[in-house]
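Okay, so here's the structure we're looking at.
A note on names: the letters A, B, ... follow the listed sequences, proteins ahead of strands, and every chain is numbered from 1. This structure is a prediction, so every number in the text was calculated from the model and none was measured.
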There are 2 protein chains.
Amino acid sequence: MNNEITSTSTATRSELSELLSDLVSVTNRLTRIAAQATGESTSPATWRTLSVLSSFGPMRLGELAKQSRVSQPTMTKIVANLNEVEWIRRIADVDDARAWQIALAPKGIKALDEWRDRLGSALAPLFTDLDHEEIDVISRAVDLLHECTDVRAADVVKAA
Amino acid sequence: MNNEITSTSTATRSELSELLSDLVSVTNRLTRIAAQATGESTSPATWRTLSVLSSFGPMRLGELAKQSRVSQPTMTKIVANLNEVEWIRRIADVDDARAWQIALAPKGIKALDEWRDRLGSALAPLFTDLDHEEIDVISRAVDLLHECTDVRAADVVKAA
DNA sequence: GACAGATGCATAGCTGAGCTATGTATAGTA
DNA sequence: TACTATACATAGCTCAGCTATGCATCTGTC
């Protein structure tokens, strides 16, 4: 059995790329656990979309597609669904009759909050053994990841 | 614009569940970035499967399904595909004629390594601004996440 | 100010991952 | 031996996401 990287704590990694692929692997796993634990029916892309709106405020459908990292037709569908359940509102763009501003609606804010709760509650049991300092490490890491993926990320991949 | 959580660094989180949902959100995003940047054609579940085999060694198809967090029929498909490209081998179980041991083949090890490289290379540019200490924080966080998701996770969700 | 090309969103249709339900063969057990 | 449980395979469905394309509107050039 070859337990190289995936083993346990304080693995020493020589390369940044090694760290990043580990990160993606482990969080991929975490996401799967969360999905199964919550029996989530709404797609990840939908939550990404709501998160983006929550973070950056109303924006055009196309822009939203880029930020949420889906194609424009996919975003058209997502927005249509979100509109039906009234989690977002479509606001006509006064400057451009082709465009819409997509805004988070109160129900959407509520849904996003509840999702965060469900997710947190489902995963929290896995992390009960961690002490305060370890929680803090993860917290700082999440902050760093936010910084690194927020805006500049858009430019790295096939610049918009 | 309501930049509460997703904003920038050193967000203070009152709840563990808040941290965890942030973590899932941000890594979900990261995974999307990686997928688009590498133009990945192989499914995440396939990489999870190979990772599991790499970490824990050969195991039965059913066990592999649980560890990779997919249904057994899905794993049957994944294994069939992996077998065709010779990334794994099927070894008849001597004790049970119904069962197979699934083992990582040399080509699979190679493919996994290459995937890690691609992933790392694609994401590394996002992280160039981080200093050594910050990288270390992420590294420790990844280790912690490994610990918390490895084995016990299986029990949390609808105990196998 | 009219036409050409660019841009924003919608629609059509496809692919592929993952699921549930079920089938088939082998194990275990009374 | 027969009955149930278990391991994997098969069938068929659903849904997310994609590309290609259509339609409407905007922008720039002559």
Under 3.5 Å, is there a donor-acceptor pair linking the side chains of A/T46 and A/T49?
->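 Distance-only check fails for A/T46 and A/T49.
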Establish, from distance only, whether the side-chain atoms of A/R69 and B/Q36 form a donor-acceptor pair under 3.5 Å.
->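 Their side chains do contain a donor-acceptor pair, which is all the 3.5 Å distance test asks for.
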Separation of [X] atom [atom1] from [N] atom [atom2], in whole Å?
{"X": "B/M75", "N": "D/dC8", "atom1": "CE", "atom2": "P", "result": "11 Å"}
{"X": "A/K66", "N": "C/dC9", "atom1": "NZ", "atom2": "C1'", "result": "13 Å"}
{"X": "B/K77", "N": "D/dC8", "atom1": "NZ", "atom2": "P", "result": "17 Å"}
{"X": "B/Q36", "N": "D/dT19", "atom1": "CD", "atom2": "C1'", "result": "14 Å"}
{"X": "A/D95", "N": "D/dC26", "atom1": "CG", "atom2": "P", "result": "10 Å"}
{"X": "A/Q67", "N": "C/dG8", "atom1": "CD", "atom2": "P", "result": "15 Å"}
{"X": "A/L64", "N": "C/dA10", "atom1": "CG", "atom2": "C1'", "result": "16 Å"}
{"X": "B/R48", "N": "C/dA17", "atom1": "CZ", "atom2": "P", "result": "12 Å"}

If you find the nucleotide of DNA chain D closest to A/V70 and the one closest to B/E63, which residue's nucleotide is nearer the 5' end?
->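 It is B/E63 whose nearest nucleotide is closer to the 5' end.
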Go through the steps to decide whether A/R60 and A/D96 satisfy the test salt bridge (charged side-chain N to carboxylate O under 4.0 Å, His left out), and finish with yes or no.
-> CA-CA 11 Å; A/R60 292 179 164 203; A/D96 188 336; 3.5 Å; yes
Can you find a side chain N or O atom of A/T76 that sits less than 4.0 Å from OP1 or OP2 on C/dT11?
->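 So the side chain of A/T76 is outside the cut-off, no N or O lying under 4.0 Å from OP1 or OP2 of C/dT11.
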For D/dC18, does OP1 or OP2 lie under 4.0 Å from any side-chain N or O of A/T74?
->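 Checking A/T74 against D/dC18: at least one side-chain N or O falls below 4.0 Å of OP1 or OP2.
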Given [options], the nucleotide with the shortest approach to the side chain of [X]:
{"X": "A/D96", "options": "D/dC26, D/dA9, D/dC18", "answer": "D/dC26"}
{"X": "B/P73", "options": "C/dT20, C/dC9, D/dC18", "answer": "C/dT20"}
{"X": "A/S71", "options": "D/dT19, C/dG18, D/dA9", "answer": "D/dT19"}
{"X": "B/R90", "options": "D/dC8, D/dC18, C/dG18", "answer": "D/dC8"}
{"X": "A/R98", "options": "C/dG18, C/dT7, D/dA16", "answer": "C/dT7"}
{"X": "B/L61", "options": "D/dA16, D/dC8, C/dG18", "answer": "D/dC8"}

Under a single-linkage definition using a 4.5 Å side-chain heavy-atom cutoff for Ile, Leu, Val, Met, Phe, Trp and Tyr, are B/I91 and B/W87 assigned to the same hydrophobic cluster?
->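 Not linked; separate clusters.
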Side-chain donor/acceptor of A/S54 to backbone N/O of A/L50, under 3.5 Å |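 Such a contact is absent between A/S54 side chain and A/L50 backbone.
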Salt bridge (Lys or Arg N to Asp or Glu O under 4.0 Å): pairs with one or both residues in residues 37-49 of chain B, sequence neighbours excluded |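 Counting only pairs at least two positions apart or across chains, the salt bridge (Lys or Arg N to Asp or Glu O under 4.0 Å) contacts touching residues 37-49 of chain B are B/E40-B/R118.
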Could you check whether B/A80 gets within reach of a base, just the sugar-phosphate, or nothing at all, counting any heavy atom under 4.0 Å?
->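 Result for B/A80 = nothing.
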Per the atom types in the model, does the base of D/dA9 pair as donor or acceptor with the side chain of B/Q72 at under 3.5 Å?
->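 Checked by distance alone, the answer is yes.
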Whichever of B/P44 and B/A97 has its nearest DNA chain C nucleotide further upstream toward 5' |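 First, find each residue's nearest nucleotide; the 5'-ward one identifies B/P44.
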First encountered from the 5' end of DNA chain C, between A/W100 and B/S41 =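 Mapping each residue to its closest nucleotide by heavy atoms, the 5'-most match is A/W100.
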